[in-house]
Amino acid sequence: MSKATHATRLSVVLLAALAVAACSQSEVESTNKSAGDAGHASGEHGSSSSAGLPQGRIAIGEQRANVKSNATKQSCIDCHGADGNNPIDPSYPRLGGQYGDYLAHSLQAYRSGDRTHMLMSPQATDLSDQDIADLAAYFGSRPTQLRDLHGLH
């Protein structure tokens, strides 16, 4: 197995594990909220983000996803495709429908240097907390093409 294939498979497994963890956390948070304040861990419907970010704004996030960064001269849409579902490279993740908090934590990690990628690290450097919240809200609200990997061998 090539290193690239191994890295891709490892990425898929890690993303699946994070999605399961995020889903479990969302269920716990929803259970702990009162009926009048039910929300989602991604920051939708007035609930707070586990990433400690302000409320994300979907429409502003869509606008921000089309802004080319000074560092790479690329926008989110340029690399991940419209709605985050058509990446230009098969190794780039599909963002559409992903958990907002997962996206927010990922962008925060790229911004801080805790997570590195030759394109994403400089892309995230100048993002504010509000930018990250808005992008996470936008991509989290898009139709998903993510697959449930539960039960796959």
Side-chain angles (χ1 to χ4, degrees), residues 4-33 35 37-69 72 74-111 114-121 123-124 127-153:
T5 301
H6 179 73
T8 300
R9 287 184 179 170
L10 180 59
S11 295
V12 169
V13 169
L14 290 172
L15 286 173
L18 287 169
V20 168
C23 183
S24 296
Q25 181 63 30
S26 177
E27 289 174 10
V28 168
E29 289 178 10
S30 290
T31 301
N32 290 336
K33 289 184 174 281
D37 189 32
H40 187 277
S42 68
E44 297 170 330
H45 311 298
S47 68
S48 63
S49 164
S50 72
L53 297 174
Q55 177 78 22
R57 303 163 298 178
I58 294 170
I60 303 289
E62 180 177 15
Q63 293 171 357
R64 186 66 181 85
N66 285 286
V67 173
K68 295 186 185 295
S69 79
T72 66
Q74 299 294 314
S75 71
C76 303
I77 299 300
D78 290 339
C79 293
H80 296 281
D83 288 340
N85 284 313
N86 192 22
I88 61 170
D89 184 288
S91 68
Y92 294 0
R94 293 179 188 273
L95 305 178
Q98 183 57 269
Y99 290 100
D101 275 358
Y102 171 75
L103 295 171
H105 282 285
S106 296
L107 286 170
Q108 287 175 316
Y110 284 125
R111 182 178 65 182
D114 289 340
R115 183 175 180 178
T116 59
H117 182 270
M118 66 180 194
L119 295 174
M120 282 304 302
S121 297
Q123 189 78 7
L127 294 176
S128 69
D129 282 352
Q130 187 66 62
D131 290 335
I132 290 174
D134 294 342
L135 288 167
Y138 170 66
F139 284 113
S141 74
R142 301 297 83 204
T144 187
Q145 291 183 9
L146 301 173
R147 296 185 323 142
D148 182 357
L149 300 178
H150 183 265
L152 292 181
H153 295 78

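The shortest distance between side-chain heavy atoms of His105 and Leu53 does not fall below 4.5 Å. In this structure the side chain of Leu119 never reaches within 4.5 angstrom of the side chain of Gln74, judged on heavy atoms. Between Leu135 and Leu103 there is no side-chain heavy-atom pair separated by less than 4.5 Å. No side-chain heavy atom of Leu95 sits less than 4.5 Å from a side-chain heavy atom of Arg142.
Nearest heavy atoms, Asp101 versus Ser50: OD2-OG, 2.8 Å. When all heavy atoms of Gly61 and Tyr138 are compared, the pair lying nearest together is C-CB, 3.6 Å. Across Ala65 and Ser75, no two heavy atoms sit closer than the pair O-CB, 3.4 Å. Asp131 and Leu127 get closest at one heavy-atom pair: OD2-CA, 3.7 Å. Looking at every heavy atom in both residues, Ala136 comes nearest to Gly100 through CB-O, 3.3 Å. Contact detail for Gln130 and Gly56: the closest heavy-atom pair is NE2-CA, 4.4 Å.
Evaluation of the side-chain contact (heavy atoms from CB on, under 4.5 Å) rule for Asn85 yields Asp83, Arg94, Gln145 as partners, not counting sequence neighbours.
When only modelled atom types and interatomic distance are considered, Glu62 and Asn66 share no side-chain donor-acceptor pair under 3.5 Å.
Going from atom CZ of Arg57 over to atom CZ of Arg64 covers 11.5 Å, rounded to the nearest 0.5 Å. Rounding to the nearest 0.5 angstrom, the gap separating the CG atom in Asp129 from the CD atom in Gln108 is 6.0 Å. Met120 CE to Arg111 CZ: the interatomic distance, rounded to the nearest 0.5 Å, is 12.0 Å. If you take OH on Tyr99 and CG on Leu146, they are separated by 9.5 Å, rounding to the nearest 0.5 Å.
Put simply, the side chain of Asp134 never gets that close to the backbone of Ile60: no donor and acceptor are under 3.5 Å apart.
Taking the six-membered ring where the residue is Trp, Tyr92 and His117 present perpendicular rings, their angle passing 60° and hence far from 30°.
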Show your reasoning for whether side chain to side chain contact (heavy atoms under 4.5 Å, CB included) applies to Phe139 and Cys76. CA-CA 10 Å; Phe139 284 113; Cys76 303; 3.8 Å; yes

